[in-house]
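Heads up: the structure comes next, in structure tokens.
Quick note on labels: first sequence line is chain A, next is B, and so on, each numbered from 1. Excluded from the calculations below are hydrogen atoms, water molecules and symmetry mates; all remaining heavy atoms, backbone and side chain alike, are included.
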Amino acid sequence: MHGITIDQAMVSVPESPPQPLRAAILAWYDAHARRLPWRVSPAARAAGSRADPYRVWLSEVMLQQTTVAHATPYFVAFSRRWPTVEALAAADEAELMAAWAGLGYYARARNLIACARKVAGQLGGVFPDQEADLRALPGVGGYTAAAITAIAFDQPANVLDANIERVVARLFAVEAPLPAAKAELAQLAQGLVGPERPGDWAQALMDLGALVCTPAAPACERCPAAGACRARRLGPETYPRRSPKAARPRRHGAAFLLLNEDEVALVRRPPKGLLGGMLALPTSEWRARPWADAEAVAEAPAAADWRAAGEIDHVFTHFALTLRVFRAEGDWPEAIWTPLAGLEAMPSVFLKAARVGLLAQPQLL
DNA sequence: CATCCGTGGAA
DNA sequence: TTTCCAAGGAT
């Protein structure tokens, strides 16, 4: 195939649309597209099937900064339990937050229900088909609005996710580091978008990035764009360049596992901020300096015979946390008493701490 | 533009 | 073990 030439690639945006390159990538997608629960296959789309905007939106929100493998079971559970935007709008908020537990970035769940209520209540249950209107919905940013426009409505949009950033950075050997290079990558990606099959085009580039043009050890020999790729001879795995990341500090805290019969005392975290709105174990403050046991127990939510019951490490986006776990039996009227089976409604960090604390006393399992 | 916001699989 | 990073958004 003859893709774009070096001369074309040297300018910021190719003068003419690289149609053979697009055709090669779409043909690759027809043969190798991933089959995903929220996706209409290229064959089905060619036969006239259209994606359900609700399912496209739900999947896109779940996939924000989240791997397909991690998000998929959540998508299956959510779409079965709340099959329409009206159903999701009517969901009990605590149940929705519990169902989201473990998926992370919990502001997404808060925005999810806010968005569903806006669409169901003010927009007649119909998702907007214009990018600017989608962009105005809670939790829908530039990427997600473009993705819904392309995938659900099959309208041209400049979809730029981490996969496409990587593909474009390699195709044009972009030397500027992310995240500053994002505008340049967006311009280059826009130059590739054509009028044909906008939804398949976006998903083709994402699948190409996920299956072939991978972060490490890209399979260039299987790439339909290899002939046009400037980075292929320059070390494709070194693109995109990235600015150095800030070091991740460590914080220390104590978590308290208060048991009463076979129930655990939980709290609801404040509605915003880290793990906002989620069920949680009561904890001390999380600070830079480690806690001595006696000092930590003074922070416990109720007076009891607290015993050290282990320690966990957990990594958040911008800090690492060491959590010492203390366990006791007792009462605490203000608690949200929850049976052991209900602990999975908590974010992973607390589930991890609860498991450590319970395993220190196996008869409670 | 910088910071905050989760999680877990892979290397 | 550490490091990277994934279908980003809000402020």
Side-chain angles (χ1 to χ4, degrees), chain A residues 34 36-39 51 55-75 97 100-112 114-115 134-152 157-167 177-183 186 189 199 201-211 213-217 237-238 240 242-251 269-278 280 312-321 346-352:
Chain A
R34 288 178 290 180
L36 301 169
W38 50 84
R39 175 179 282 181
R55 293 167 63 86
V56 173
W57 162 73
L58 179 61
S59 67
E60 289 301 339
V61 173
M62 287 184 167
L63 288 161
Q64 289 165 4
Q65 291 288 287
T66 306
T67 59
V68 167
H70 193 189
T72 294
Y74 287 85
F75 175 84
M97 300 301 284
W100 195 275
L103 197 51
Y105 285 139
Y106 298 97
R108 292 185 295 172
R110 303 193 297 268
N111 285 327
L112 193 78
C115 181
L134 288 162
R135 181 69 180 77
L137 296 172
V140 178
Y143 162 75
T144 304
I148 296 172
T149 300
I151 297 170
N158 192 19
V159 180
L160 189 68
D161 75 324
N163 286 303
I164 301 178
E165 284 179 356
R166 184 171 60 254
V167 170
L178 283 172
K182 186 163 175 129
W201 172 251
Q203 294 175 101
L205 284 186
M206 290 192 272
D207 279 19
L208 190 63
L211 300 175
C213 194
T214 48
E237 68 283 351
T238 65
R242 292 183 191 276
S243 300
K245 294 181 172 65
R248 191 166 11 224
R250 179 164 294 275
R251 297 182 189 170
R269 290 179 61 88
K272 293 186 176 182
L274 186 70
L275 311 171
M278 299 299 290
I312 62 122
D313 285 308
H314 192 79
V315 179
F316 293 99
T317 305
H318 57 293
F319 67 95
L321 176 68
M346 296 190 299
S348 296
V349 60
F350 299 116
L351 189 55
K352 200 187 293 187

Could you check whether any side-chain N or O of [X] sits under 3.5 Å from a backbone N or O of [Y], counting only pairs where one atom can act as donor and the other as acceptor?
{"X": "A:S59", "Y": "A:V56", "answer": "yes"}
{"X": "A:R166", "Y": "A:P240", "answer": "no"}
{"X": "A:Y105", "Y": "A:M62", "answer": "no"}
{"X": "A:R34", "Y": "A:A210", "answer": "no"}

Between [N] and [M], how far apart are the two [atom1] atoms, rounded to whole Å?
{"N": "C:dC5", "M": "B:dC5", "atom1": "C1'", "value": "15 Å"}
{"N": "C:dA6", "M": "B:dG6", "atom1": "C1'", "value": "12 Å"}
{"N": "C:dA7", "M": "B:dA2", "atom1": "C1'", "value": "23 Å"}

A:T66: what forms a side-chain contact (heavy atoms from CB on, under 4.5 Å) with it, not counting sequence neighbours?
A:H70, A:A71, A:L103, A:R108

Given side chains that start at C-beta, do those of A:L58 and A:L112 come closer than 4.5 Å, heavy atoms only?
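SC-SC contact between A:L58 and A:L112 confirmed.
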
Looking only at the side chains, is there a donor atom on one of A:Y143 and A:Q64 sitting less than 3.5 Å from an acceptor on the other?
no

Closest-nucleotide mapping onto DNA chain B: is A:V349 or A:A180 further toward the 5' terminus? I mean the 5' end.
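In this pair, the answer is A:A180.
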
With a 4.0 angstrom cut-off to heavy atoms of chain A, pull out the first and last contacting nucleotide of DNA chain B, in 5'-to-3' order.
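First-to-last contact on DNA chain B, by the 4.0 Å heavy-atom rule, is B:dC4 to B:dG8.
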
Could you tell me whether A:P347 contacts a base, only the sugar-phosphate backbone, or nothing, with contacts defined as non-hydrogen atoms closer than 4.0 Å?
sugar-phosphate

Close aromatic pair by centroid cut-off 6.0 Å: A:F316 and A:H314:
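Ring centroids of A:F316 and A:H314 are less than 6.0 Å from each other.
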
With B for base contact, S for sugar-phosphate-only contact and - for none (protein heavy atoms under 4.0 Å), nucleotides 2-11 of chain C reads ---SBBBSS-

